[in-house]
**Student:** 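Just passing along the structure, written as structure tokens.
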Amino acid sequence: MYRKIVVPVDLAHAGRLDKALTTAADLARGYAIPVVYVGVAGTVPDEVARTPEDYARKLTAFAARQAEAHGIEASAHPLVSADPQGELNRLLRRAIDELGADLVVMASHAPSWLDWLLPSHGGSVAEHSEASVFVVR
């Protein structure tokens with residue numbers, strides 16, 4: 001049914017992604033398909049990594065841990081941006097297309113009044129992507 005799953009990951013908040021990560025791993029095992037963890041690094045040091053190369057190493061290690069923990073095929077697809085928050089939705093949509101993913105599993109935040117002003121990342125990806133999008137709350 002599906003051929004490839006993309007899971008957007010914010011390594012700064014990896015502890016809050018358990019439900020989405022488990023959902024993606026369950027689907028990957030069920031359909032015997034690979035998972036690609038996509039993350040966006042900034043060009044300046046932050047709490048996760050000092051350089052984009054450091055971020056890429058950390059995302060690759062994260063994907064390897066997920067593969068081992070869940071018994072799935074997994075890889076990392078790090079992206080770099082001077083403005084990760086501002087470009088996140090566009091970068092995710094482009095990565096989904098480039099990777100040929102047909103399913104996206106992503107964590108959501110709890111809804112708030114700000115959702116009336118700023119669209120959610122999950123909503124933006126679902127609205128503008130050809131892939132099916134599973135938003136896990």
Side-chain angles (χ1 to χ4, degrees):
M1 175 177 243
Y2 296 109
R3 295 179 319 276
K4 187 180 289 184
I5 300 173
V6 159
V7 179
V9 175
D10 181 349
L11 291 179
H13 302 288
R16 298 183 201 162
L17 303 176
D18 287 342
K19 195 171 181 181
L21 296 173
T22 300
T23 299
D26 289 347
L27 289 166
R29 273 193 314 279
Y31 290 109
I33 55 175
V35 174
V36 181
Y37 297 96
V38 175
V40 181
T43 55
V44 297
D46 63 16
E47 70 272 12
V48 174
R50 297 195 49 76
T51 65
E53 295 78 17
D54 185 30
Y55 182 85
R57 283 190 294 277
K58 289 180 178 188
L59 186 62
T60 299
F62 176 86
R65 286 192 304 274
Q66 291 298 308
E68 185 176 337
H70 296 286
I72 59 173
E73 179 185 340
S75 61
H77 187 75
L79 304 170
V80 178
S81 170
D83 182 12
Q85 276 302 94
E87 294 187 313
L88 183 63
N89 294 335
R90 182 183 61 77
L91 291 171
L92 285 176
R93 291 190 307 264
R94 187 173 71 199
I96 292 162
D97 292 342
E98 288 174 358
L99 292 166
D102 51 358
L103 178 61
V104 179
V105 177
M106 58 192 306
S108 175
H109 63 282
S112 74
W113 65 271
L114 276 176
D115 294 328
W116 290 96
L117 301 172
L118 303 170
S120 69
H121 298 300
S124 176
V125 171
E127 184 177 355
H128 299 287
S129 176
E130 295 293 320
S132 296
V133 179
F134 187 158
V135 180
V136 180
R137 181 166 296 145

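Heads up: numbering here begins at 1 and tracks the sequence.
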**Student:** Tell me if the CZ atom of Arg16 is crowded by more than 12 foreign heavy atoms within 6.0 Å.
**Tutor:**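 At most 12 heavy atoms, drawn from other residues, nucleotides or ligands, come within 6.0 Å of this atom.
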**Student:** Please identify each residue that fulfils side-chain contact (heavy atoms from CB on, under 4.5 Å) with Ile33, with sequence neighbours left out.
**Tutor:**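 Result, side-chain contact (heavy atoms from CB on, under 4.5 Å) vs Ile33: Tyr2, Ile5, Tyr31.
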**Student:** Looking only at heavy atoms, what is the nearest atom pair of Tyr55 and Ala49, with distance?
**Tutor:**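 That closest heavy-atom pairing would be N-CB, 3.5 Å.
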**Student:** Measuring only between side-chain heavy atoms, which start at C-beta, is Glu87 closer than 4.5 Å to Val40?
**Tutor:**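 With C-beta onward as the side chain, the pair stays apart.
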**Student:** Do Asp46 and Val44 come close enough that some side-chain heavy atom pair is under 4.5 Å?
**Tutor:**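 Not touching, per the 4.5 Å side-chain cut-off.
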**Student:** I need the minimum non-hydrogen distance between Leu17 and Ala107, along with the two atoms involved.
**Tutor:**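 Closest pair (atom of Leu17, atom of Ala107, distance): CD2-CB, 3.6 Å.
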**Student:** Evaluate the side-chain proximity of Leu99 to Val38: yes if any heavy-atom separation is below 4.5 Å, no if none is.
**Tutor:**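 Val38 reaches Leu99 side chain to side chain.
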**Student:** Treating Lys19 as the side-chain partner and Arg137 as the backbone partner, does any N or O pair qualify as donor plus acceptor under 3.5 Å?
**Tutor:**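 Yes: the side chain of Lys19 pairs with the backbone of Arg137.
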**Student:** Of all heavy-atom pairs between Ala131 and Ala101, which one has the smallest distance, and what is that distance?
**Tutor:**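 Shortest heavy-atom contact: CB-O, 3.7 Å.
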**Student:** Donor-acceptor pair, Asp102 side chain versus Lys4 backbone, under 3.5 Å?
**Tutor:**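 At least one qualifying donor-acceptor pair exists.
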**Student:** Using a 4.5 Å cut-off on heavy atoms from C-beta on, say whether the side chain of Phe62 contacts that of Leu21.
**Tutor:**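 Answer yes - side chains close enough.
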**Student:** To the nearest 0.5 Å, what is the distance between CG (Asp26) and CD1 (Ile72)?
**Tutor:**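 Output value for this atom pair is 9.5 Å.
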**Student:** Measuring only between side-chain heavy atoms, which start at C-beta, is Leu11 closer than 4.5 Å to Lys58?
**Tutor:**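 Of all side-chain heavy-atom pairs linking Lys58 with Leu11, at least one is under 4.5 Å.
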**Student:** Are Arg57 and Asp54 close enough that some pair of their side-chain heavy atoms sits under 4.5 Å apart?
**Tutor:**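 Yes, close enough: below the 4.5 Å cut-off.
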**Student:** Do His70 and Thr22 come within less than 4.5 Å of each other through their side chains, counting heavy atoms only?
**Tutor:**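 SC-SC contact between His70 and Thr22 confirmed.
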**Student:** Quick check for you: to the nearest 0.5 Å, what is the distance between Met106 atom CE and Ile96 atom CD1?
**Tutor:**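 Those atoms lie 7.5 Å apart.
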**Student:** Which heavy atom of Gly39 sits nearest to which heavy atom of Leu59, and what is that distance?
**Tutor:**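 Of all heavy-atom pairs spanning Gly39 and Leu59, the closest is N-CD2, 3.6 Å.
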**Student:** Taking all non-hydrogen atoms of both residues, which atom of Ala20 and which atom of Val105 are closest, and how far apart?
**Tutor:**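 Minimum heavy-atom separation between Ala20 and Val105: O-CG1, 3.6 Å.
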**Student:** Apply salt bridge (charged side-chain N to carboxylate O under 4.0 Å, His left out) to Asp83 and list each qualifying residue two or more places apart in sequence or on a separate chain.
**Tutor:**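 Here no residue qualifies.
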**Student:** Using salt bridge (charged side-chain N to carboxylate O under 4.0 Å, His left out) as the criterion, list what pairs up with Glu98, not counting sequence neighbours.
**Tutor:**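 Result, salt bridge (charged side-chain N to carboxylate O under 4.0 Å, His left out) vs Glu98: Arg94.
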**Student:** Provide the closest heavy-atom pair for Ala63 versus Ala76 in the form atom of the first, atom of the second, distance.
**Tutor:**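 Where Ala63 meets Ala76 most closely, the heavy atoms are CB-N, 4.0 Å.
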**Student:** Starting from Leu91, can I reach Val80 by hopping between I/L/V/M/F/W/Y residues whose side chains sit under 4.5 Å apart?
**Tutor:**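 They do not share one cluster, since no chain of ILVMFWY contacts under 4.5 Å joins Val80 to Leu91.
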